[in-house]
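All residue numbers refer to positions in the sequence shown, counting from 1.
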Amino acid sequence: MTDTQTTTAVPGANTLVEKVPLETYVPPAKPSLIGLSRAEIADRLGEIGVAPAQRKMRTQQLWHWMYFRGAKNFAEMTNVSKDMRAELEKHFTVDRPEVVAEQISNDGTRKWLLRLPSGNALERPHEVECVYIPETDRGTLCVSSQVGCTLNCAFCHTGTQRLVRNLTAGEIVGQVMVARDRLNDWADREDGTRRVTNIVMMGMGEPLYNFDAVRDALLIVADNEGIGISRRRITLSTSGVVPNIARTGEEIGVMLAISLHAVRDELRNELVPLNRKYPIKDLLQACRDYPGASNARRITFEYVMLKGVNDSLDDAKLLVKLLKGIPAKINLIPFNPWPGTAYECSDWDQIEKFSEYIFNAGYSSPVRTPRGRDILAACGQLKSETEKLSARERQALRAMAMTD
């Protein structure tokens with residue numbers, strides 16, 4: 001498929017937005033204020049001549065309109081003077097990433113392909129995916145931190161795409177804002193409810209290899225004068241970048257999830273190559289030391305169930321032994337197939353036996369319901385160019401969707 005063609009609808013999915021041709025791309029002429037801290041916004045205002053005495057008030061006005069009301073342009077900011085709005089318009093935008101494709105799964109999961117500005121006409125703009133998962137008691141947004149990924153986890157489709165670059169804080173916050181835009185989820189919702197209630201940093205990339213931008217973005221997302229999602233409803237998932245785990249607790253204060261997936265170093269070295277640098281013993285010690293961890297703020301351990309690889313009862317027993325002393329919850333994830341993978345999902349009977357053993361040992365062990373498989377939006381399936389699936393891959397994906 002070329003960039004001038006529209007997105008191919010995946011079987012069982014509803015594609016609502018056609019892919020925007022790259023030939024129409026024009027790099028932004030002005031920087032966006034999205035993703036800047038209050039201090040940085042005040043500095044930008046100073047650069048365009050706003051007097052020091054007015055900067056705090058103007059900053060607070062912008063913050064409210066951007067993050068509480070979701071304003072898409074300065075003209076909407078009605079309590080800012082016309083002259084000030086015109087000056088802001090001259091120098092800045094409040095643009096978010098551009099939605100170039102949207103797909104809706106049969107189960108209601110939505111996946112957005114987002115185009116990020118490159119800054120110049122000669123450089124190809126980059127793309128990432130984020131996913132919204134509606135449930136009866138919550139709505140979870142899965143957010144990306146990098147274009148591509150450097151970890152090469154053996155079972156993960158995202159890991160087959162090379163790392164291109166880190167996202168900026170604005171590009172991370174922008175994903176949350178795009179979701180609220182698309183779901184009509186800003187402050188003026190008539191029923192006063194929120195569709196996006198939870199954030200998980202579990203999309204493309206390793207968040208702790210982009211620590212500063214992720215931290216700055218999540219502090220904006222958690223700010224109660226703006227987007228206002230509680231830190232207890234934000235979960236950062238890492239494959240085990242040990243040196244930055246303590247920093248996550250100290251500087252961000254969100255919930256922690258660990259992509260564990262194996263209980264022996266030999267196997268984890270294969271499944272999660274980062275383990276060669278930070279082995280299981282060091283990773284679990286960092287979890288024991290995680291600031292704020294308690295029975296009320298348990299660490300989630302993610303464990304993808306791979307048939308005949310890591311799903312035996314011996315694995316379950318060693319998992320319980322390894323996690324002793326850590327306030328933990330264990331998320332069992334049925335493997336989500338993708339075209340070309342060498343792995344299979346564990347049999348459901350085996351998943352239930354594994355879960356039952358962990359539960360009887362005193363740990364919560366929910367089995368994550370696969371969501372969005374038919375649009376490659378499930379855990380481990382995100383990839384920024386899924387709209388370019390080959391005919392063979394589409395045929396394989398259709399077969400997978402029919403077996404669910």
Side-chain angles (χ1 to χ4, degrees), residues 9-17 97 99 101-114 128-145 156-158 172-186 189 193-205 207 217-218 221-222 227-237 254-257 259 300-305 329-338 345 351 364-384 386 397 400-401 404:
V10 178
N14 180 13
T15 301
L16 297 183
V17 180
V99 177
E102 178 182 61
Q103 292 174 301
I104 301 180
S105 168
N106 291 323
D107 61 26
T109 297
R110 295 181 182 231
K111 181 172 73 171
W112 295 289
L113 179 69
L114 305 177
V128 293
E129 292 178 337
C130 70
V131 174
Y132 172 69
I133 307 164
E135 300 176 77
T136 53
D137 60 341
R138 70 182 66 190
T140 301
L141 187 69
C142 182
V143 175
S144 294
S145 58
C156 182
H157 194 210
T158 311
I172 297 169
V173 175
Q175 294 172 65
V176 181
M177 299 178 76
V178 164
R180 283 202 165 172
D181 291 343
R182 304 296 297 185
L183 298 169
N184 187 26
D185 197 36
W186 291 103
R189 274 182 63 82
T193 62
R194 282 286 182 271
R195 292 187 177 179
V196 178
T197 62
N198 293 62
I199 302 292
V200 290
M201 293 298 307
M202 297 181 184
M204 297 171 62
L218 292 184
V221 169
I227 294 173
I229 295 177
S230 164
R231 284 178 171 84
R232 296 194 66 168
R233 288 182 174 268
I234 300 173
T235 300
L236 184 149
S237 176
V254 294
M255 307 297 284
L256 180 68
S259 292
T300 298
F301 289 86
E302 298 157 329
Y303 197 95
V304 65
M305 301 297 294
K329 177 174 99 172
I330 299 154
N331 251 1
L332 301 181
I333 307 169
F335 174 62
N336 294 306
W338 42 271
C345 181
I351 294 175
S364 172
S365 56
V367 178
R368 186 184 296 175
T369 304
R371 301 292 299 272
R373 276 185 173 181
D374 55 329
I375 58 171
L376 283 182
C379 183
Q381 290 183 320
L382 294 192
K383 198 176 183 193
S384 69
T386 50
L397 185 57
M400 283 188 278
D404 285 345

**Item:** Atom pair CE/CG of Met201 and Leu218 - distance to nearest 0.5 Å
**Value:** 5.5 Å
**Fill in**
Rounded to the nearest 0.5 Å, the OG atom of Ser364 sits from the NZ atom of Lys329 at a distance of 5.5 Å
**Prompt:** How long is the span from the CG atom in Leu114 to the CD atom in Glu129, to the nearest 0.5 Å?
**Reply:** 8.5 Å
**Asked** Taking all atoms of both residues into account, what is the closest heavy-atom pair of Ser145 and Gly205, and its distance?
**Response** OG-C, 3.7 Å
**Request:** Give the minimum heavy-atom separation between Arg233 and Thr197, together with the two atoms involved.
**Result:** CD-O, 3.3 Å
**Gap separating the CZ atom of Arg110 from the CZ atom of Arg182, nearest 0.5 angstrom** = 8.0 Å
**Asked** Does Tyr132 reach the main-chain N or O of Arg195 with its side chain, forming a donor-acceptor pair under 3.5 Å?
**Response** yes
**Prompt:** CG of Asn331 to OG of Ser259: how many Å apart, nearest 0.5 Å?
**Reply:** 10.5 Å
**Message:** Tell me the closest heavy-atom pair linking Ile172 and Ser144, and the distance in Å.
**Reply:** CG1-O, 3.9 Å
**Prompt:** How far apart are the closest heavy atoms of Ser365 and Leu332, and which atoms are they?
**Reply:** O-CD1, 4.4 Å
**Message:** Return the CD1 to CD distance between Ile330 and Glu302, rounded to the nearest 0.5 Å.
**Reply:** 12.0 Å
**Request:** Let me know which of Val196, Ile199, Val143 forms a side chain to side chain contact (heavy atoms under 4.5 Å, CB included) with Val221.
**Result:** Ile199
